[in-house]
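In what follows, every chain begins at residue 1, and chains take the letters A, B, ... in the order their sequences are listed.
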Protein chains: 2
Amino acid sequence: MLPGASSEKSELYRIMTGMCSTSFDVGSSFLPSDSFDQAFCDSSSESAQRALAALRNHKEAEKRRRERINSHLDKLRSILPCSSKTDKASLLAKVVERVRELKQEAAMMEQTSRKTESYCLIPSESDEVTVYSSSDDGGRLIFKASLCCEDRSDLMPELIGILKSLRLKTLRAEMCTVGGRIRNVLVVAADSEHSIESIHFLQSALKGLVQKSSDTSADRSKRRRMAASAARQLRS
Amino acid sequence: MLPGASSEKSELYRIMTGMCSTSFDVGSSFLPSDSFDQAFCDSSSESAQRALAALRNHKEAEKRRRERINSHLDKLRSILPCSSKTDKASLLAKVVERVRELKQEAAMMEQTSRKTESYCLIPSESDEVTVYSSSDDGGRLIFKASLCCEDRSDLMPELIGILKSLRLKTLRAEMCTVGGRIRNVLVVAADSEHSIESIHFLQSALKGLVQKSSDTSADRSKRRRMAASAARQLRS
DNA sequence: GACCACACGTGAGTC
DNA sequence: TGACTCACGTGTGGT
């Protein structure tokens, strides 16, 4: 039996029949509305019959409405990473988080708009590290970090390591490498442990990364200069 | 008065008091539970009193549950592009669409995984156009297009024009330019007018774009060859 | 008055 | 048992 099915004793029914509700029980089967109407309502006024029909319509409409809502909730359950038995409230909490992420992300992409950057992220000659943070309006904290430096093979692994150690989840990453230099634009989400202060950790970690790159390239230039000078000396 | 507040006549109340429900009306004010208990329940059994308390707890807990759910729905209303008066059902429909978009996007990024591509999208020597489509499981149709060709200044405007004319919404775009060649990876969403067949239009449009690039570069090489040959002739 | 969307209180099921 | 989640039927206000 469906829950709530036995509570089908509307005030209207009781008023119409003048029955004491304690002695009236429709039983556990589905209410046989038509025969009920015949049995009890033939002698009642037509307006009461119409009211009864309206009540039945209302009941069914409400059922349809519930089904509409629940079908959407089921769709969400099937889409999101959650079981089919997560309750409505926590399901909706997950959904809120997801959608917020999307919105924050979009806002961030808009805020630090492409219009102010070269469209295809072409790296500049000078090293750079910039970190923006989204306005934290109750949602998840989102950072957008941009760095530009000499490219080297272990840059990406180290960058990934930094993000992992700071427990930052990468939402988007774009990069462009030209002539040995690389520009990297990251949109990352902080977890709930982070505050807006985390921006400093991220910034200094990225600065360290870029610094190491420039050291390496300085070494390389130094070596190159030494090699050139050695060659000159050998030639002379 | 809140809707439904006057229907506070539980079966338990009626059974306990043995009243005929037609003559019993608690009125429209909030039920004064304590005085009610004193008036009607002092003579009744203790178990009945406990049942009554349980019923009150239940009622309040249920109210809290509803508030929890509705607060999440309100959050969603404030986040999504919709008024504060949109239906629960249509709100949830919008949400489903949004989340589906996210999931499709992520699945697409995973499916055509980076592992099979060079990590930083480095363009290849040969021209390429590939278009994947997401498995359309009722959600929005998503295409992932990758193209690689000679770079030229009007490539981006033309690409944007193609997407606009096909009414494809760009969800993500990544690109990498190296030594005059460009690789472009796009994730785009089709609107409801599109079918899976649209993939062919997109593909041929992109092929046209790449072809034009190679024509231009062929022209350029041709011109360069002609200039070189002319110079040789002049020198001879 | 008909229709719609909502909040409510309640019975039932699950853990 | 109690604490919870859910579906239901209903009263009500808005169009």
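A donor-acceptor pair shorter than 3.5 Å can be found between the side chains of A/Ser90 and A/Asp87.
Note: NZ (B/Lys63) to P (D/dC6) measures 18 Å, nearest angstrom. The distance between atom NZ of A/Lys59 and atom C1' of D/dC8, rounded to the nearest whole Å, is 10 Å. The interatomic distance linking B/Leu55 (CG) with C/dC8 (P) rounds to 16 Å, in whole Å. Separating the CD atom of B/Glu67 from the P atom of D/dT5 is a distance of 13 Å, rounded to the nearest angstrom. If you measure from atom CD of A/Glu60 to atom C1' of D/dT10, you get 14 Å, rounded to the nearest angstrom.
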Show each protein N/O and nucleotides 2-5 of chain C N/O combination with a separation under 3.5 Å, one pair to a line.
residue : atom : partner : partner atom : Å
C/dA5   : OP2  : A/Arg68 : NH2          : 3.1
C/dA5   : O5'  : B/Asp87 : OD1          : 3.3
C/dA5   : O3'  : B/Asp87 : OD1          : 3.4

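Under the salt bridge (charged side-chain N to carboxylate O under 4.0 Å, His left out) criterion, no residue pair touches residues 90-99 of chain B, with sequence neighbours excluded.
Comparing B/Ala89 and B/Arg66 along DNA chain C, the residue whose closest nucleotide (by nearest heavy atom) sits nearer the 5' end is B/Ala89.
Here the shortest heavy-atom pairing between A/Leu168 and A/Ala190 reads CD2-CA, 3.7 Å.
Within 3.5 Å, no donor on the side chain of B/Arg56 pairs with an acceptor on the base of C/dG9, nor the reverse.
For the atom pair A/Ile69 CD1 and B/Lys88 NZ, the distance stands at 5.5 Å (nearest 0.5 Å). Atom CD of B/Gln203 and atom OH of B/Tyr132 lie 10.5 Å apart (nearest 0.5 Å).
With respect to the salt-bridge test (charged N to carboxylate O, under 4.0 angstrom), the residues A/Lys59 and A/Glu62 do not qualify.
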